[in-house]
Enquirer: 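Let me begin by handing over the structure; questions about it come next.
Quick note on labels: first sequence line is chain A, next is B, and so on, each numbered from 1.
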There are 2 protein chains.
Amino acid sequence: MEQTIRETLKDYNLRSTSCREDILGTFLNKGVALSHGDIEDSLGERFDRVTIYRTLKTFLEKGLIHKVLDDEGVRYALCKDHCSEKDHHHDHIHFKCTECGQTNCLANVHIPAVQLPDGYFANEVNLLIQGRCPACT
Amino acid sequence: MEQTIRETLKDYNLRSTSCREDILGTFLNKGVALSHGDIEDSLGERFDRVTIYRTLKTFLEKGLIHKVLDDEGVRYALCKDHCSEKDHHHDHIHFKCTECGQTNCLANVHIPAVQLPDGYFANEVNLLIQGRCPACT
DNA sequence: TTATTGATGCAACAGCGTTGCAAGAGATAA
DNA sequence: TTATCTCTTGCAACGCTGTTGCATCAATAA
């Protein structure tokens with residue numbers, strides 16, 4: 001695990017620092033989409049607020065994580081596919097449970113094609129479904 | 001128009017004030033989703049920041065407008081159907097043009113049904129498509 | 001016209017996210 | 001291992017967004 005994290009960082013051309021290792025580890029551990037606040041809570045006072053912001057920004061740019069839009073703000077989740085700086089490709093669904101509040105990616109559910117009116121061209125599709133997850137049913 | 005605005009406010013059990021009339025008028029005029037900042041810019045210094053926030057909150061609660069999620073924050077758009085405090089019903093699509101930055105509702109495009117994994121129950125569906133609008137093609 | 005209820009403006013505040021800068025730690029090569 | 005360079009971090013400060021309390025003012029109904 002420890003090793004995997006370091007290798008992952010290396011794969012993405014990122015230096016291994018304890019902050020990056022801990023944040024990446026948190027994502028792997030929790031397995032759900034996390035907000036900046038979630039990460040701050042989870043890591044305690046170990047790192048500066050600013051450092052966490054910058055780390056998330058770096059991960060985002062390198063394609064390690066992607067944004068997840070939510071009715072209450074922005075969260076981040078690991079990219080399952082290997083994304084890169086240039087090429088984020090996500091057509092999976094984000095599911096937010098209104099009971100437990102957790103948001104995660106439904107990797108195997110693809111977004112059905114949508115018929116847009118004339119003149120509209122789709123580039124990126126973002127689908128958020130809110131409801132109840134299996135754990136809360 | 002002037003009259004329509006006042007009647008609409010009355011329909012929603014809202015007092016007619018110049019702030020509410022102007023904000024509702026702005027939505028009708030622009031016809032696209034607006035952020036708090038857009039409205040502030042559009043109305044100038046005529047009303048206090050706080051008043052605009054409170055007006056948007058009131059409109060939201062009464063079902064006059066609904067939230068539109070965006071990668072850069074929250075916007076608001078008029079509800080086409082007659083929504084109420086209890087019952088916001090929206091299964092239309094939000095389209096954001098990456099050229100001009102405008103976001104609007106595609107009222108006539110319905111979201112196709114999505115087959116969720118076992119145990120998941122959908123309650124509300126939110127679909128944002130980013131791309132190019134007819135004006136920017 | 002007046003009384004009542006609700007809306008507004010002002011001041012203050014909390015939280016989120018960013019920037020500049022100096023100090024510190026990781027990677028690389030000798 | 002050490003020296004060097006480059007990138008990362010922590011700190012302080014700031015701007016922006018959104019909220020709250022309170023006194024004042026305006027819209028409605030009688």
Enquirer: Rounded to the Å, how far apart are A:K57 NZ and D:dC7 P?
Expert: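 The answer, rounded to whole Å, is 17 Å.
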
Enquirer: Ignoring backbone atoms, establish whether A:T17 has a side-chain N or O less than 4.0 Å from OP1 or OP2 of D:dC7.
Expert: no

Enquirer: Is it true that A:E21 and A:R6 have a side-chain N and a carboxylate O under 4.0 angstrom from each other?
Expert: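 A salt bridge links A:E21 with A:R6.
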
Enquirer: Over how many whole Å does the gap from B:F47 atom CZ to D:dA26 atom P extend?
Expert: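 From B:F47 CZ to D:dA26 P: 13 Å.
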
Enquirer: Closest-nucleotide mapping onto DNA chain C: is B:N13 or B:V50 further toward the 5' terminus? I mean the 5' end.
Expert: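 By nearest-heavy-atom nucleotide position, the 5'-most residue is B:N13.
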
Enquirer: Using only heavy-atom distances, decide whether a donor-acceptor pair under 3.5 angstrom links the side-chain of B:R54 to the base of D:dG21.
Expert: yes

Enquirer: Can you tell me how far the CG atom of A:L106 sits from the CG atom of A:L127, to the nearest 0.5 Å?
Expert: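 A:L106 atom CG to A:L127 atom CG measures 9.0 Å (nearest 0.5 Å).
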
Enquirer: Assign B:R20 to base, sugar-phosphate, or nothing according to its heavy-atom contacts below 4.0 angstrom with the strands shown.
Expert: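 Sugar-phosphate contact only - B:R20 comes under 4.0 Å of backbone atoms but never of a base.
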
Enquirer: Just the rounded figure in Å: distance from C1' of D:dT9 to CD1 of A:I23.
Expert: 12 Å

Enquirer: Could you please name the option among D:dG10, C:dC10, D:dT19 that lies closest to any side-chain atom of B:D48?
Expert: C:dC10

Enquirer: Using whole Å, report how far NZ of B:K10 lies from C1' of D:dA29.
Expert: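 In whole Å, D:dA29 C1' lies 11 Å from B:K10 NZ.
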
Enquirer: Just how far, in rounded Å, is P of C:dG17 from CZ of A:R75?
Expert: 12 Å

Enquirer: May I have the distance from A:L9 (atom CG) to C:dG26 (atom P), rounded to whole angstrom?
Expert: 13 Å

Enquirer: Between A:D22 (CG) and D:dG10 (P), how many Å, whole number?
Expert: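 In whole Å, D:dG10 P lies 11 Å from A:D22 CG.
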
Enquirer: Using a heavy-atom cut-off of 4.0 Å across all strands, would you classify A:S16 as base, sugar-phosphate, or nothing?
Expert: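 Contact class for A:S16: sugar-phosphate only.
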
Enquirer: Taking for each residue the nucleotide of DNA chain D with the nearest heavy atom, is it A:T58 or B:E40 whose nucleotide lies nearer the 5' end?
Expert: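 In this pair, the answer is A:T58.
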
Enquirer: Would you call A:R75 and A:D38 a salt bridge, using N to O less than 4.0 angstrom?
Expert: yes

Enquirer: Choosing from D:dT19, C:dG26, C:dG6, which nucleotide comes nearest the side chain of B:Y53?
Expert: D:dT19

Enquirer: Mind checking the OG1-OH spacing from B:T55 to B:Y76? Nearest 0.5 Å is all I need.
Expert: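 The distance works out to 11.5 Å.
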
Enquirer: Can you find an N or O donor on one side and an acceptor on the other, under 3.5 Å apart, linking the side chain of A:R49 with the base of C:dG17?
Expert: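 Such a pair exists between side chain and base.
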
Enquirer: Measure CZ/A:R6 against P/C:dA25 and give the value in whole Å, please.
Expert: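 Going from CZ in A:R6 over to P in C:dA25 covers 15 Å.
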
Enquirer: Any idea how B:Y120 and A:F95 line up, ring-wise: parallel (<30°), tilted (30 to 60°), or perpendicular (>60°)?
Expert: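 Rings of B:Y120 and A:F95: perpendicular, as their planes differ by over 60°.
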
Enquirer: Of all the nucleotides listed (D:dT20, D:dA27, C:dT8), which has the minimum atom distance to the side chain of B:R15?
Expert: D:dA27

